[in-house]
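One structure is given below, encoded as structure tokens.
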Amino acid sequence: MSSYKFIVNPIAGGGKAYSLMPGLIAFMKKSGKDFDIYETQGPQDAIEAARNAAKDGYDIVVAVGGDGTLNEVLNGIVGTEAILAVVPGGKGNDFATAVKMPSAIEPVCQVLLDANIKLIDLGKVMDRYFINSVGIGFDAAVAERVNRGVKPFKGVSAYIYAVLEMLISYKTIEMEIDLGDGLFTCKPTLVAVGIGQAYGGGMKILPDAIQDDGLFDVCILDEIKKPLMLYHFPKVFKGKLKHLKESKMFRTKEVKIKMSDLRPMHLEGEILRGDYMHFTIEEKAVPVLYGPE
Ligand SMILES: [Mg+2]
């Protein structure tokens, strides 16, 4: 019989994750399954909590929150036997969408009980694991700006403010990129590397990505004039940015990016800074609970 550890980020989605708990608890009690709940106390706490849950022998470790919570739980259970699951409760639920998790709580609970497992690929960069998608460049600069706080703005307005500020101040940087078949130099607006198709709450930057083919999908978006960025931006939500002439799509096992200066990367809710980013992938390395196809 499977046992479940729920790792809940109470502030994810402005309290959305927390509000899901009564329904989740009622359902799990009715199911008669063995389960336990841990509430995270702050950033990075879910990593340790997930590691402990795996050590304590829980079969399924469930992140209740957004992509950030999910990523911490992933980093805690890598290398253990535990199965990863997610209950979407954040602002960005791109991983939950990628593994076909329903949005209403009852069907989500059903997925947890059905325990349909799929093995998906695992990415690593700068000593951090990821299971969905990572971005470097303009969108990472926007995410970093939002993280620093743009008072009095919050939520979507904070994001819009940060986009506008970055449209004025952002400068592209020369990157040396190696996708496994030789080095080339470019000055892209952004680079996305991923296992899943979307990040940032539904931006389908890698619309053809396959989660278990052992390969990263990579999008290199060449420098675009700033006014045109605003014009083209909405296309990313429909997965149509790839049709731009500035957009180049690749598939590869390994990516190396070298820059002359430290630049931000957004990795599933986390902002990391680096001047050298080496991405590696492990095929079908993480067992994940998958929703109905
Ligand atoms: Mg792939």
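Read the numbers this way: they start at 1 and go in the same order the structure lists the ligands and their atoms.
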- request: Could you tell me whether any N, O or S atom belonging to Ile210 is less than 2.8 Å from the Mg ion (ligand 1)?
  value: yes
query: Counting backbone and side chain alike, does Ile281 bring an N/O/S atom below 2.8 Å of the Mg ion (ligand 1)?
result: no
Can you tell me if [X] uses its side chain to pair, donor with acceptor, with the backbone of [Y] under 3.5 Å?
X	Y	value
Ser133	Gly196	yes
Asn75	Tyr129	yes
Asn9	Ile11	yes

- prompt: Can you name the N, O or S atom of Asp213 that is closest to the Mg ion (ligand 1)?
  reply: OD1
field: Cationic N near anionic O, under 4.0 Å, Asp222 to Lys248
entry: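 Looking at Asp222 and Lys248, the cut-off is met.
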